Amino acid sequence: MKFRFDRSVSLVLARLMSIRRTQPASGRFPILMYHGINGTLSRRHPYFETNTSPAVFRSQMQVLATGGYQPLSVDDALTPSSRAVAKRPVAITFDDGYADFYDEALPILVEFGFAATVYIVTGSTGKQRVIKNGKRFMSWADVCDLPKCGIRVGSHTVSHRNLREMSRSRVEEEVRRSKEMLEDKLGAPVESFAYPYAFPEHDKKYVQYVREYLQMCGYKNAVSTIIGTARVLTDRYLLPRLPINTFDDDAFLRVKLEGGYEWLHALQYTRKAFSRRRV
């Protein structure tokens, strides 16, 4: 396995935290971010990998089970009554709506009795499973089957393009239309949204605009690629998540769950702000 600076630092910080902390932090709930559940690996550094093999995914779910975590949907994790029942709440999310979620991840989640939230790209969802850029997406029949298994469905836009690079009218079409399509197919409210691509949290005007439009459309929360752990007082439209992939061994996953990965957000934010100044 390639050396991972983020893993090494996180493990050291986690050890220091465990020495200083006498009890688990209250009022926090990690939101795990998955994408593909398959054995394909990219040539990029493990930090940027977005796939998780089914075997590793099963092992990670076992870590949650043995650790006493209770997976909830994002909607339920934000509901005080639901969160209060769970001793160690965690939300599991999957972006894009790939068919391997249905084929590989769903049976494992059902086996463990875990809830999750899947964010669908409606423009890549059809009567049959659609293949785009080498990726196979769930069909509408697959998507409509998810609530029966305890899986919540959220919106991930229509085309999965970078919203910040679009006109406001196009952004509004992507956000509104995807919600309408999902609700029409599911016959139920869709209240959670996932921003595609790296979320520009440093652009305060954009953040305010997109938050207000999500609220106007009836969304009650939105998850982002901001690294961190959600808390009770976290802005519901700027929920941070913890990226998970096939290179996250059990020890590293536990560190992320316990808050030992949050230090990386400062570097993430600085990189975004610096990139903006250079443009």
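Model, not experiment: these values are computed from the prediction. Values below: every heavy atom of this structure, side chains too, minus hydrogens, waters and symmetry copies.
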- Message: Under a 3.5 Å threshold, yes or no: a donor from one side chain and an acceptor from the other, between D75 and T117?
- Response: no
- Query: Linking I/L/V/M/F/W/Y whenever their side-chain heavy atoms sit closer than 4.5 Å, directly or via other members, would V223 and L109 fall into one cluster?
  - Reply: no
- Task: Mark yes or no for whether E104, through its side chain, and S53, through its backbone, hold a donor-acceptor pair below 3.5 Å.
- Result: no
- Given side chains that start at C-beta, do those of S178 and H156 come closer than 4.5 Å, heavy atoms only? no
- Honestly, is R164 close enough over Y197, meaning NZ or CZ under 6.0 Å from the six-membered ring centre and within 45° of the axis? no
- Any side-chain heavy-atom pair of T122 and K185 under 4.5 Å: no
- Task: Flag yes if more than 12 heavy atoms outside R136 fall under 6.0 Å of its CZ atom; otherwise flag no.
- Result: no
- Query: Are any side-chain N or O atoms of K256 and backbone N or O atoms of P243, one a donor and one an acceptor, separated by less than 3.5 Å?
  - Reply: yes
- Can L264 and L267 be said to form a side chain to side chain contact (heavy atoms under 4.5 Å, CB included), step by step? CA-CA 5 Å; L264 199 60; L267 298 181; 3.9 Å; yes
- Item | CD on Q208 to OH on Y237, rounded to 0.5 Å | 14.0 Å
- Item | Y206 with Y219, same ILVMFWY side-chain cluster at under 4.5 Å | yes
- Note: A86 and P89 closest approach over all heavy atoms is O-CD, 3.6 Å
- Query: Y261 and F252: ring pair (Phe, Tyr, Trp, His ring centres under 6.0 Å), yes or no, with the steps?
  - Reply: CA-CA 9 Å; Y261 202 61; F252 194 19; 5.6 Å; yes
- Could you check V118, L32, D100, T52 and say which one makes a side-chain contact (heavy atoms from CB on, under 4.5 Å) with F94? V118
- Output yes when a side-chain donor or acceptor of E201 lies under 3.5 Å from a complementary backbone atom of L238, and no otherwise. no
- Query: Can Y69 be reached from F114 by stepping across I, L, V, M, F, W or Y side chains whose heavy atoms are under 4.5 Å apart?
  - Reply: yes
- Quick one: list whatever passes salt bridge (charged side-chain N to carboxylate O under 4.0 Å, His left out) with E172, sequence neighbours left out. none
- Would you say I92 and Y102 are hydrophobically clustered, going by side-chain heavy atoms of ILVMFWY under 4.5 Å? yes
- Note on the structure: Taken to the nearest 0.5 Å, the spacing of E180 CD from S155 OG works out to 10.5 Å
- Item | Side-chain heavy-atom pair M138, L146 within 4.5 angstrom cut-off | yes
- Item | Test item: S159 and R170 side chains (from C-beta on) under 4.5 Å apart, heavy atoms | yes
- Rounded to the nearest 0.5 Å, the CG atom of L239 sits from the OG1 atom of T234 at a distance of 6.5 Å
- Task: Report the distance from atom CD1 of I37 to atom OG1 of T50, rounding to the nearest 0.5 Å.
- Result: 10.0 Å
- Minimal heavy-atom distance between V207 and P200, with the atoms involved, is CG2-O, 3.8 Å
- Query: Can Q128 and S139 be counted as having a side-chain donor-acceptor contact under 3.5 angstrom?
  - Reply: no
- Item | From CG (D145) to CD1 (I151), nearest 0.5 Å | 10.5 Å
- Query: Could you state the interatomic distance from CZ (R161) to CE (M166), rounded to the nearest 0.5 Å?
  - Reply: 4.0 Å
- Item | Heavy-atom closest pair, residues P147 and L186 | CG-CD2, 4.2 Å
- Query: Between F199 and Y195, what is the ring plane arrangement, given parallel below 30°, perpendicular above 60°, and tilted in between?
  - Reply: tilted
- Say whether, by atom type as modelled, one donor and one acceptor occur between the side chain of T125 and the main chain of V121 under 3.5 angstrom. yes
- Query: Do K179's NZ or CZ and the ring of F193 fall within the cation-pi criteria of under 6.0 Å and 45°?
  - Reply: no
- Query: Heavy-atom distance under 4.5 Å between the side chains of F247 and L41, does that happen here?
  - Reply: yes
- All heavy atoms of L214 vs all of A222, minimum pair found to be CD1-CB, 3.9 Å
- Item | Criterion side chain to side chain donor-acceptor pair (under 3.5 Å) on D76 and T79, from CA distance to verdict | CA-CA 5 Å; D76 286 343; T79 303; 4.6 Å; no
- Of all pairs that satisfy ring-ring contact (aromatic ring centres under 6.0 Å, His included), the ones with a partner from residues 125-148, not counting sequence neighbours: Y98-F137
- Message: Would H160 and K132 count as a side chain to side chain contact (heavy atoms under 4.5 Å, CB included) here? Give the steps.
- Response: CA-CA 12 Å; H160 197 275; K132 288 187 177 181; over 6 Å; no
- Flag the pair N51 / T246 as yes when at least one side-chain heavy-atom distance between them is below 4.5 Å, and no otherwise. no
- Item | Contact check, side chains of Y213 and R176, non-hydrogen atoms, under 4.5 Å | yes
- Could you walk me through whether W263 and D6 pass side chain to side chain contact (heavy atoms under 4.5 Å, CB included), step by step? CA-CA 9 Å; W263 64 273; D6 59 329; 4.2 Å; yes
- Side chain of N133, backbone of K135: donor and acceptor closer than 3.5 Å? no
- Query: Where do R58 and E111 land on the side chain to side chain contact (heavy atoms under 4.5 Å, CB included) test, with the steps shown first?
  - Reply: CA-CA 10 Å; R58 177 184 290 278; E111 175 187 337; 2.7 Å; yes
- Note on the structure: Residue set satisfying salt bridge (charged side-chain N to carboxylate O under 4.0 Å, His left out) with R211, at least two apart, ordered chain then number -> D235
- Task: Using atom types as modelled and distance alone, determine if a side-chain donor or acceptor of D250 lies under 3.5 Å from a backbone N or O of V63.
- Result: no
- Could you tell me whether the side chains of S192 and R152 share a donor-acceptor contact shorter than 3.5 Å? no
- Message: I'd like to know if R4 pairs up with D248 as an ion pair, taking the criterion as any Lys NZ or Arg NE/NH1/NH2 lying under 4.0 Å from an Asp or Glu carboxylate oxygen.
- Response: yes
- Task: List the atom of T229, the atom of G259, and the distance in Å for their closest heavy-atom pair.
- Result: OG1-CA, 4.3 Å
- Query: Do D103 and R129 sit within salt-bridge range, that is, some charged N less than 4.0 Å from a carboxylate O?
  - Reply: yes
- Note on the structure: Nearest heavy-atom approach of I227 to P240 is C-CB, 4.1 Å
- Query: Under the 3.5 angstrom rule, does the side chain of E49 hit a backbone N or O of S42 as a donor-acceptor pair?
  - Reply: yes
- Task: Please answer: with hydrophobic residues joined when any side-chain heavy atoms are less than 4.5 Å apart, are Y34 and F112 in the same cluster?
- Result: yes
- Query: Taking NZ, NE, NH1 and NH2 as the nitrogens, is one of them in E174 or R177 under 4.0 Å from a carboxylate oxygen of the other?
  - Reply: no
